[in-house]
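Here's the structure we're looking at; comments come further down.
Each chain gets a letter, A, B and so on, in the order its sequence line appears, and its residues count up from 1. These numbers come from a predicted model, not from an experiment.
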Amino acid sequence: MLTKRLIICLDVRNRKVTKGVKFKGNIDVGDPVELGAKYSADGVDELVFYDITASAENRPCDLEMVRDIAKHVFIPFAVGGGIRSLDDMHQVLLAGAEKVSVNSLAVLHPEIIEQGAKAFGNQCVVLGMDAKRVGVSEKFPSGYEIYIKGGRAATGLDAVEWAKKAESLGAGEICLNAMDTDGVRDGYELEITDKVAKAVGIPVIASGGAGKPSHIADLFAKTSADAALVASMVHFGDYTVAQIKEEMSKANIPVRKIV
Amino acid sequence: MERFIVVDYNAGNLTSVLNAFERIGANVKASRDPSEIAEAERLVFPGVGAARSAMETLEKTGIGKAIVEVVRKKRPVLGICIGCQIILHSSEENGGVDTLGLIDGKAVRFQDEAGIKIPHMGWNQVELLKEHPLFEGVPNSSDFYFVHSFHPAEIAVENALSKTTYGSQTFTSAVCKENLVATQFHLEKSGDVGLRVLKNFSTWSGK
């Protein structure tokens, strides 16, 4: 049986893994390569690295770092941040990443999803989307609006509509980050996660809000999400991968065994 | 030194496969030269993507013939992902394509089914159907990493090495025939169990 995936997200700034609350007040927590290898050894199922300052500094993603990660991490990992073109995507994949995550770029130039999927396969293209609660309206039937540029710019796009459009363009997976719960550690935003997961036929990764193992068990019990993304709760040493997986197992969620 | 070659035909996972062999201390060389590949004493051909485009590349470059030659010489050969589909007789992908025909069988797409998403992506259990030197030290039912929409089908019992279940569909997830082994799952991305299989392959006699 296909297991539900536990994914750890590592936001990287100046080659340091960092974590903020609601995209602000970041604290450095360690070296990305060392942490990636550690989490992999701990039994996490997948990793995501975001170069969070690449876009703002208008430079490509740190490929040297990606190459270094690929030499030390033997589970799938995705890379995002600083992806400006098809060639940038290609470089990240050549450096050893399985998947590339696009977010702002895909909103501004949706054709990048289609081009990436055609050139490298749908499974390589992850659509990252930051969704903020705005209340249900005619313009936002799901009640959530998509933001870009690290949560700084509203787009006028409805979250579910955008997810469906990205799927039709060829996205292989959606990483849905709920801005209202990001770093708050009080549980995932279940409502929008389930709406998006039920609206598309591609895997959906829930992100934003995991604070304790029961939040992950809750996510899989109450939504159709395929994977859970965590950050703060492991970066700050509060919980381990083993503890999270044990809680998932107890809740009868199919989980990859740690060997 | 042994001529241990990893075929480079623009497959997306080449870097990961090379990194994995480096990690376990195996000395491998990436090559796209058919004459060099044909002389390999140990061969891996990786792959991600579509069988048709992979097959076109293999035919155009002469690499396909070189792989067949190495298999005929009874040297240890390992296929990964698309590599596991290319060694069958055909694939149903994109209206059908003839493949290398080293093991009887064909690649077919998962049937659409409520509650499952295609591609089959993530970690799933590999149930071994027989003992094999490549899986020595790997607990049965270990989780390996998969990303694929097509899978081997119509595989004879003697060539079926493992099975995996997705939704209600159970498929052959690894095949073997004498000196040839191929896995639908990504050994280079399956953590310690994957590295263990690669390590076993790096010293396997092919018997």
- Message: Under 4.5 Å from any heavy atom of chain B, what part of A:H72 do you find: side chain, backbone, both or neither?
- Response: both
- Item | B:E158 atom CD: more than 12 heavy-atom contacts under 6.0 Å | yes
- Interface residue of largest heavy-atom contact number with chain B, from A:P203, A:P254, A:S40, under 4.5 Å: A:P203
- Message: Does any backbone or side-chain atom of A:A95 lie under 4.5 Å from a heavy atom of chain B? Answer side chain, backbone, both or neither.
- Response: backbone
- Portion of B:E188 that has a non-hydrogen atom of chain A nearer than 4.5 angstrom: backbone
- If you count heavy-atom pairs under 4.5 Å between each of A:G121, A:C124, A:G201, A:P76 and chain B, which one has the most? A:P76
- Could you check whether the rings of B:F21 and B:F201 sit parallel, tilted or perpendicular, using 30° and 60° as the cut-offs? tilted
- Message: The criterion is ring pair (Phe, Tyr, Trp, His ring centres under 6.0 Å); which residues satisfy it with B:F110, sequence neighbours excluded?
- Response: B:H120, B:H148, B:H151, B:Y166, B:F171
- Note on the structure: With chain B, the option among A:K257, A:H90, A:Q123, A:E173 that has the most non-hydrogen atom pairs under 4.5 Å is A:K257
- Query: If you count the non-hydrogen atoms of other residues, nucleotides and ligands that lie under 6.0 Å from NZ in B:K130, is the total more than 12?
  - Reply: yes
- Query: Among B:L195, B:I118, B:D192, B:V193, which has the most heavy-atom pairs under 4.5 Å with chain A?
  - Reply: B:L195
- Proximal component of A:T3, with respect to chain B [non-hydrogen, under 4.5 Å]: both
- Which region of A:K198, side chain (C-beta onward) or backbone (N, CA, C, O), has a non-hydrogen atom less than 4.5 Å from a non-hydrogen atom of chain B, or is it both or neither? neither
- Item | Salt bridge flag under 4.0 Å for residues B:D143 and A:R256 | no
- Measuring heavy-atom distances to chain B, does A:N122 have an atom under 4.5 Å in its side chain, in its backbone, in both, or in neither? neither
- Taking atom types as modelled, find out whether B:S31 and B:D33 have a side-chain donor-acceptor pair closer than 3.5 angstrom. no
- Can you measure from CG (A:N177) to SG (A:C9) and round to the nearest 0.5 angstrom? 8.0 Å
- Which bit of A:I202 is near chain B, if near means a heavy-atom gap under 4.5 Å: side chain, backbone, both or neither? backbone
- Donor on one side chain, acceptor on other, B:E113 and B:Q169, under 3.5 Å: yes
